[in-house]
Structures are given as C-alpha cells and as structure tokens.
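Everything quoted here is computed from the prediction, not taken from an experiment. The chains referred to below are lettered A, B, ... by the order of the sequence lines, with proteins before strands, and numbering in each begins at 1.
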There are 2 protein chains.
Amino acid sequence: MTEPDPAPRARLTRDRVLQAAVELADASGIDSLTMRKLGVELGVEAMSLYNHVANKSDLLDGMIDAVVGQIELPPTGTAWRTAMDLRAHSLRRVLTRHPWATVLMDSRASPGPATLHHHEYVVGTLRDAGFSIEFAAHAFSLMDSYIYGFVLQQNNLPPDAAATAELARQITAKFASGDYPHLTEMAVEYVLQPDYSYAAEFAFGLDLILDGLERSLRS
Amino acid sequence: MTEPDPAPRARLTRDRVLQAAVELADASGIDSLTMRKLGVELGVEAMSLYNHVANKSDLLDGMIDAVVGQIELPPTGTAWRTAMDLRAHSLRRVLTRHPWATVLMDSRASPGPATLHHHEYVVGTLRDAGFSIEFAAHAFSLMDSYIYGFVLQQNNLPPDAAATAELARQITAKFASGDYPHLTEMAVEYVLQPDYSYAAEFAFGLDLILDGLERSLRS
DNA sequence: ACCTGAACACCGTTCAAGT
DNA sequence: ACCTGAACACCGTTCAAGT
C-alpha cells in the first residue's frame with residue numbers, strides 16, 4: 001500500500017488557479033469571480049489561493065496573459081497584410097470568447113511574457129515590411145484601438161435578435177416615436193433584419209484600415 | 001421667522017446625486033465609488049440615495065448619460081467630415097476626462113435620452129451626407145470602435161514619461177534584454193523620447209478612417 | 001511548504017422605524 | 001415623502017494555527 005489515497009486531489013498550481021479563474025469568468029462573468037468562489041471551484045479554501053497568486057490583481061494579470069497567449073500569430077515571414085489580418089480576426093475571436101478580458105486590459109499595467117511576445121511579433125512584422133518606427137507605432141495603435149473598441153461595443157449589444165427587438169421596443173415606448181427618425185429607420189430596415197450580424201461589421205472596418213495603411217506604406 | 005434654518009442643506013435630487021458620483025469617480029476611480037462614500041460626499045446616509053436612484057446599476061446608467069451629454073455636436077448642416085471629426089475629438093476629450101466611462105459602456109444596456117440624441121445626430125449626419133443605411137452603420141461602428149478603443153489603450157498607458165521609463169526598465173530587467181529587440185527599439189527611439197505623446201497618435205488613425213470613408217462614399 | 005479558520009474592514013441592499 | 005440605523009449576505013486580505 002504505497003499509494004493508498006483514493007485519487008488524491010491534484011496539487012494546486014498557479015496554472016491550475018489561472019485556468020479555473022478564466023473558466024469561471026467565462027461562465028459567470030468577471031463580477032462572479034471572487035476568491036471564495038474560485039476556491040469552491042478548486043475544492044479549496046479561498047485563502048489557499050494566496051499560496052499561488054500574490055493577490056487578486058496578480059490573479060487578473062495572469063488571466064490576461066493566458067488569454068493573450070491564445071491569439072494565433074501566423075508564422076514569421078507571412079506577408080504583413082495577411083499576418084495582420086489573421087492576427088486581428090484571431091484577437092477578435094479570443095476577446096469574444098473571454099469578454100471580460102477586453103475591459104480588464106484597461107487596468108492591467110504589468111505585461112506578462114505572452115503579452116510581450118505578442119507585441120514584439122506585431123512590431124517586428126511591421127518593421128520588416130518597411131514601416132518606419134513612427135509609422136509602425138501609428139499602425140499598431142490604430143489596429144488595436146479598432147479591435148478592442150469593436151469588441152467593447154459588441155459586448156454591449158443585446159445577445160440576439162429577440163433581445164435587440166425588445167430593446168428597440170423599450171426605446172420607442174419610452175420616447176415619442178418621432179424623436180429618433182434616423183435611429184428608428186436604421187433599426188427597422190437594417191439592425192432588426194433577421195440576417196443582421198454585428199460581428200460581420202468587423203471586416204468592413206478592418207479592411208478599410210489595412211487598405212489605408214497599405215496606401216500610406218506605398219506612398 | 002418664516003425661514004429660520006441656517007443654510008438648510010440643499011435638497012437631494014437625482015441630478016445632484018449623479019453629479020457627485022461623476023466627480024467622485026473622476027477623482028478617486030470607479031472602484032472608490034461606493035454608495036457609502038457617495039453618501040459621505042453628499043452629507044447623507046448611503047440609504048438616502050435609494051430615494052433618487054433605483055440601485056447602483058441605475059446610478060451608473062445615469063452617470064453614463066450625463067457624460068454622453070458633454071460631447072459637443074457641431075450644428076446640423078455642418079459638412080459631414082467636419083462634423084464627424086469635431087465630434088470624435090470631443091468624444092475623446094470627454095472620455096479622457098472621465099476614464100471610467102470608457103469601460104462602463106461595456107455593461108450598460110439601457111441608453112438614456114442624451115445617448116439616444118447623440119446616436120440620432122451621428123446617424124442623421126451620415127444619412128444626410130448620402131451614406132446608405134448599411135454604409136452609415138459600418139461608418140458608425142468603425143468610428144466609435146476606434147475612438148473607444150483608443151481611449152481604452154490610452155488609459156492603460158503609464159501616466160507620464162517618468163512612469164513610462166520606469167515600466168520599460170522593469171520589463172528589460174525582468175527579461176533578457178535581447179528578447180524583444182523591436183519593442184526595445186520602439187521604446188528607446190520613439191516612445192521614450194521627451195516629446196512623445198500618445199494622444200497625438202489619435203489624429204493619425206482618425207484621419208485615415210475618415211479618408212477611407214470619404215473614398216468609399218465617392219465611389 | 002502549503003492549507004485552514006477566525007477575524008477585520010469593507011461592500012450593496014432590505015426593512016422597519018422615524019420625521 | 002424622504003431620511004435613518006440596524007441587519008443580512010457578501011467581499012479581499014491578514015494572521016496565527018495547524019499539517
């Protein structure tokens with residue numbers, strides 16, 4: 001009887017804590033991510049978590065870096081526009097899967113290794129394509145502002161067509177129906193159409209931005 | 001002696017509550033905005049606030065609408081590109097003044113009158129300029145994604161040059177200095193230069209976007 | 001070295017009670 | 001009609017105690 005314990009609980013590690021935290025935030029929202037609930041999820045007292053993360057801020061930093069690590073980066077050598085296009089779409093998908101991460105960015109100041117590697121990849125791709133330092137900085141800021149802002153707005157929208165219609169109904173009920181003619185028109189004739197999908201708007205803006213960057217690079 | 005009370009405390013109103021809440025969030029951050037502290041600020045018990053706002057979520061909705069009301073909208077009839085340019089810069093300034101509002105957008109589902117009026121203005125300006133409904137929706141999404149995302153990133157940056165240099169020092173200390181050559185180059189030769197200002201990056205992206213929209217409109 | 005339980009200083013919100 | 005105080009069910013985190 002050298003190993004008598006029946007399925008001894010897997011040892012707690014920083015990675016297990018971070019993964020469980022990401023899953024809890026995905027499933028229940030970032031407000032439901034408390035040290036106590038995370039402890040329950042891991043079958044442990046909340047205080048045990050402090051052996052693996054310094055505090056809640058450190059936990060959030062680790063979660064963000066884990067999410068950034070999920071973003072697909074095309075192999076080095078890929079043409080810059082293709083690489084930036086694929087990376088942008090992957091980033092949007094990752095943030096859509098982990099909506100809380102979009103907003104958490106705002107308060108995280110200490111980037112982890114995955115974040116630094118990601119940034120190095122983007123800046124390197126642009127520099128290798130012939131962008132000047134200054135122009136690469138402009139391009140990086142523009143692309144990521146658009147991507148993060150898009151997901152921020154996407155998260156703010158009603159989750160489906162039924163909820164969208166319900167919101168439109170509430171608005172028109174609360175205010176005189178003639179108050180917002182252009183909003184009403186856009187809702188009725190476009191947003192409330194059965195085949196409308198906000199996610200599809202993403203490619204329009206991204207293509208316009210990449211077209212603009214390509215034009216600037218050639219001139 | 002018809003009015004004997006010496007300077008009777010101004011009656012609490014919803015507007016006074018909202019204004020004090022905005023000031024408290026501006027001064028101390030959104031995490032410091034608690035019902036108890038807001039009560040102290042207004043010289044009242046926390047529970048009194050519930051006579052003027054339904055709950056904390058309603059308070060946040062009201063704060064957002066108050067902030068949206070601060071955005072300057074050029075007079076109707078202004079050329080669309082000028083109007084969109086001025087409105088974008090005003091929106092950036094307003095969100096810079098109230099950084100917590102950028103992120104709060106994410107969780108607010110019920111738009112107030114100022115928000116609806118603002119959206120009506122933007123859609124109306126684009127439609128009057130000849131944008132189709134679908135194209136106006138694309139343009140609105142693109143502009144606001146960029147503006148909100150830009151401020152989100154801006155808020156995430158160190159507040160001044162000294163703090164930026166300190167962050168760069170921490171990163172290079174934590175990792176081998178050769179790990180991130182392009183990031184290091186961009187930091188040393190651009191971001192850490194004394195005259196660098198991230199806010200100045202805003203116009204580059206906005207102009208590129210408005211150029212692209214103008215081109216699409218003409219074609 | 002890691003986990004626990006009690007404790008502290010907080011939260012949002014309810015409810016009965018005051019004026 | 002509006003404001004109050006006590007209470008309830010939560011938080012993050014400290015700390016002494018266990019193994």
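Using modelled atom types and a 3.5 Å distance limit, the side chains of Arg108(A) and Thr115(A) yield no donor-acceptor pair. Side chains of Arg93(A) and Gln70(A): no donor on one and acceptor on the other come within 3.5 Å.
For Met47(A), the side-chain atoms get nearest to dT14(D) when compared with the rest of dT14(D), dT4(D), dC2(C). With dC2(C), dC11(C), dC11(D) as the candidates, the nucleotide lying closest to the side chain of Lys37(B) is dC11(C). When distances are taken from the side chain of Glu45(B) to each of dT4(D), dC3(D), dC2(C), the shortest belongs to dT4(D). In the set dG12(D), dT13(D), dA7(D), the nucleotide with an atom closest to the side chain of Asn55(A) is dT13(D). With dT13(D), dC2(D), dG12(C) as the candidates, the nucleotide lying closest to the side chain of Arg11(B) is dC2(D). Comparing dG12(D), dG12(C), dC3(C) by their closest approach to the side chain of Thr34(A) singles out dG12(D). Minimum atom distance to the side chain of Asn51(A) is reached by dC3(C), of the listed dA7(C), dC3(C), dG12(C).
When the side-chain nitrogen and oxygen atoms of Tyr50(B) are compared with OP1 and OP2 of dT13(C), one or more of them lie within a distance under 4.0 Å. Remark: Ser48(A) is not in phosphate contact with dC2(C), judged by side-chain N or O atoms under 4.0 Å from OP1 or OP2.
Position along DNA chain C of the nearest nucleotide to Arg36(A) versus His52(A) favours His52(A) as the more 5'-ward residue.
Atom C1' of nucleotide dT13(D) and atom CG of Leu38(A) are separated by 15 Å, given to the nearest angstrom. The distance from atom CG of Asp58(A) to atom P of dG12(D) is 14 Å, rounded to the nearest whole Å. dC2(D) atom C1' lies 15 Å from atom CG of Leu42(B), rounded to whole Å. Per the geometry, CG belonging to Leu59(A) stands 14 Å off P belonging to dC11(D), to the nearest Å. In this entry the distance linking CG of Asp31(B) with P of dC11(C) reads 11 Å, nearest Å. Nucleotide dC11(C) holds its P atom 11 Å from the CG atom of Leu33(B), rounded to whole Å. Rounded to whole angstrom, the span from the CG atom of Leu12(A) across to the P atom of dT19(D) amounts to 20 Å. Between the C1' atom of dC3(D) and the CG atom of Leu49(B) lies a distance of 11 Å, rounded to the nearest Å.
Under a 4.0 Å N-O distance rule, the pair Asp58(A)/Arg14(A) qualifies as a salt bridge.
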* Can you give the dot-bracket line for DNA chain C, using ( ) for pairs inside the strand, [ ] for pairs that cross earlier ones, | for pairs with another strand and . for unpaired bases, where Watson-Crick and G-U count if both distances are under 3.5 Å? -> ||.|||||...|||||.||

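The aromatic rings of Phe150(A) and Tyr198(A) lie parallel to each other, their planes meeting at an angle below 30°, with 60° marking the opposite boundary. Tyr146(B) and Phe202(B) have parallel rings, their planes meeting at less than 30° on a 0 to 90° scale where 60° marks the start of perpendicular.
The main-chain N or O of Leu12(A) is found under 3.5 Å from a side-chain atom of His52(A) such that the two form a donor-acceptor pair. Between the side chain of Ser141(B) and the main chain of Ala137(B), no donor-acceptor pair closer than 3.5 Å is present.
Here the NE2-CD distance, from His182(B) to Glu185(B), works out to 6.5 Å after rounding to the nearest 0.5 Å.
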